[in-house]
Structures are given as structure tokens and as C-alpha cells.
Undergrad: 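After the C-alpha cells below, expect a handful of questions from me.
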Amino acid sequence: MISLSRRHLFTGAAGLVATTALPRITLAQAPAPAPAAPAPAAAEGPFKLPPLPYATNALEPHIDARTMEIHHDKHHGAYVANMNNFAKTAPQLGQTPVETILANLVNLPDGIRVGVRNNLGGHANHTMFWEIMGPNGGQPEGEVLAAIDRDLGGLEKMKAAFNTAGAGQFGSGWVFVTVTKDGKLAIEATPNQDTPLMYGKRVLLGNDVWEHAYYLNYQNRRADYLKAWWNVVNWQKIGERYAAAKAGTLTL
Ligand code: MN
């Protein structure tokens, strides 16, 4: 997991910290004294919001900068902040690998089980999601391409089946390609923030079909978003994830 500096964390928080830190601001420009501001999106604690590995506009025109900004800073940030709140009363959450917690939700106290399922699932899903996207992501090759050909009928068939599963996921959810330790691939859709990690599986790649992932640009046209999304997939990173899955070292 990549840790994040405080400076980066607060950069997107409505300029609040930056404003107070700038000596040149005049009183006339300063915002009126406001009631206590809500806590920044990623509250203090063991869970960290991983920085985007590229600029927010790097995936344009397929995913616009504003969507990326809100999606990463606000939506993913909220899942992280909620987990840090849970960790205040259940500190073991911060001391256990994320994939281990998700595979053993039954062991959690009743009062936080659903919240952890939703928010830690969201944290895991989005951490994967940012990682497997990027500009100029190339094409699949080598072992991962061979697995796509063998298990999913080739790249075009895989995309079609994946898009169909994503479009067919009623309401909010995700669509994934899962990978076993033997390197076998399968397509799976889940509701809400449920993740194959809950069933001890590993994710090769996945797409977010919550409306917050595409609504600004695509409105209700989820199928168009699913189709365009393949333009921003980072196949080099996915190749690395495939190798890690076979080595037993793939986590989120
Ligand atoms: Mn999302």
C-alpha cells in the first residue's frame, strides 16, 4: 500500500489548508469565519487514500478530470475516512491485511460488519481500479494474453462478455476479471462494493459501474462508458498483476 503525505491529502480539500497557509491572502479575500469544517475526506488513521498514479486529466476524453477528482478524492476518500472511524473502536482493522479482513467478515462484530463490507470493499476496489488504468496502456501480451485466449475466448470476446456483465449489473456495482493462482480467468459482476476478495479470490482487473464513475460525461449511458473504458486500461500493469497472481503475491 502506498502511503500518502498530509500535504497531498489536503490539496483537494476545498483549498482550506492551502488558504490558511498562504501569507499573501488579504482579509477581503479570506472566507468569512465558518463553523467548524467537516473533517477532511481521509481522516487520520491506519487507512490511507493512495494517490492517483497519473494526473486527473490523464484519461481524457474517456474519463474526464472532474469525474476522476470527485471519484478519487471524495468517494474513495470517504471509504477511507469511514474505515479510519471504524478502526477507532476496532483497532485490529488497522493491523490486518485488507484482503484478510474481507475474506473473514464473519469474524467481525455485528455492529460494524456491514460497514466494513461496504467501505473496505470500496477501498480495495478503488485501489485496484486506479492502478489498472492509465494513458497509453498498450495491449495485452504474453502470458495474460494467452490466458485471455484460453479462458475467455480472446480479447474481443472478453470485452464483450465483460461489458454485458457490467451493463447487466442492476444498480451500483462492479464487473471484474478474476484470476486464480493457476492463472485461470473468469468474469464476475458484484453489487455495491462487494469484491471477489470476500470469497478468497483475486482480481485481475475491474470496472466501476456505479453512476458516480461515469454520470457527468455519460449520464445514463453505462454501455458507452463500458465500451470507452477499455481505452484507458493499463495492460502493462495488468500483466504484472497476472504474474503476481500466479506467484501468490497479488493482494488487492
Ligand atoms: Mn467508485
Side-chain angles (χ1 to χ4, degrees), residues 1-2 4 9 12-13 40-43 47-60 62-86 98-99 101-102 114-134 137 162-163 165-178 187-198 203-234 237-238 241 251-252:
M1 186 72 58
I2 308 158
L4 194 58
L9 276 180
F47 294 93
K48 309 292 180 195
L49 180 63
L52 280 178
Y54 34 76
T56 52
N57 65 358
L59 308 184
E60 290 188 344
H62 308 292
I63 305 181
D64 65 284
R66 183 80 175 129
T67 294
M68 289 298 290
E69 199 178 302
I70 296 171
H71 197 176
H72 176 268
D73 297 359
K74 307 299 183 188
H75 290 279
H76 190 174
Y79 302 131
V80 170
N82 290 337
M83 283 311 302
N84 283 328
N85 282 329
F86 288 130
V98 168
E99 64 278 13
I101 300 171
L102 286 167
V114 172
V116 171
R117 177 177 181 163
N118 291 335
N119 289 283
L120 194 58
H123 180 39
N125 286 336
H126 289 84
T127 299
M128 173 278 303
F129 187 57
W130 312 130
E131 180 182 306
I132 58 104
M133 296 193 293
F162 183 97
N163 291 358
Q169 174 58 49
F170 185 77
S172 298
W174 286 77
V175 54
F176 301 98
V177 174
T178 59
I187 291 170
E188 184 173 331
T190 64
N192 307 312
Q193 293 295 351
D194 284 1
T195 159
L197 299 174
M198 287 162 50
V203 169
L204 179 67
L205 61 98
N207 192 1
D208 187 342
V209 297
W210 284 57
E211 284 187 345
H212 69 223
Y214 61 86
Y215 199 83
L216 292 183
N217 237 9
Y218 296 89
Q219 292 83 45
N220 63 322
R221 303 187 310 277
R222 185 189 289 185
D224 290 352
Y225 158 72
L226 279 158
K227 192 174 168 196
W229 180 77
W230 291 105
N231 291 298
V232 297
V233 163
N234 182 342
K237 186 59 72 175
I238 291 166
R241 290 175 66 86
T251 55
L252 302 186

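Counting starts at 1 for both ligands and their atoms, in listed order.
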Undergrad: Below 2.8 Å, which protein N, O or S atoms neighbour the Mn ion (ligand 1), ignoring water?
TA: His71 NE2, His126 NE2, Asp208 OD2, His212 NE2
Undergrad: Looking only at non-hydrogen atoms, find the nearest pair between Asn220 and Tyr215 and report the distance.
TA: N-CE1, 4.1 Å
Undergrad: Examine Trp229 together with Phe162 and report whether their ring centres are nearer than 6.0 Å.
TA: yes
Undergrad: Parallel, tilted or perpendicular for His123 and Phe47, by the 30°/60° rule?
TA: perpendicular
Undergrad: Search all heavy atoms of Glu99 against all heavy atoms of Leu252 and return the closest pair with its distance.
TA: OE1-CD2, 3.7 Å
Undergrad: Given 3.5 Å as the limit, does a donor-acceptor pair link the side chain of His72 with the main chain of Pro50, or not?
TA: yes
Undergrad: If you take the centroid of each ring, where Trp contributes its six-membered ring, are Trp130 and His71 closer together than 6.0 Å?
TA: yes
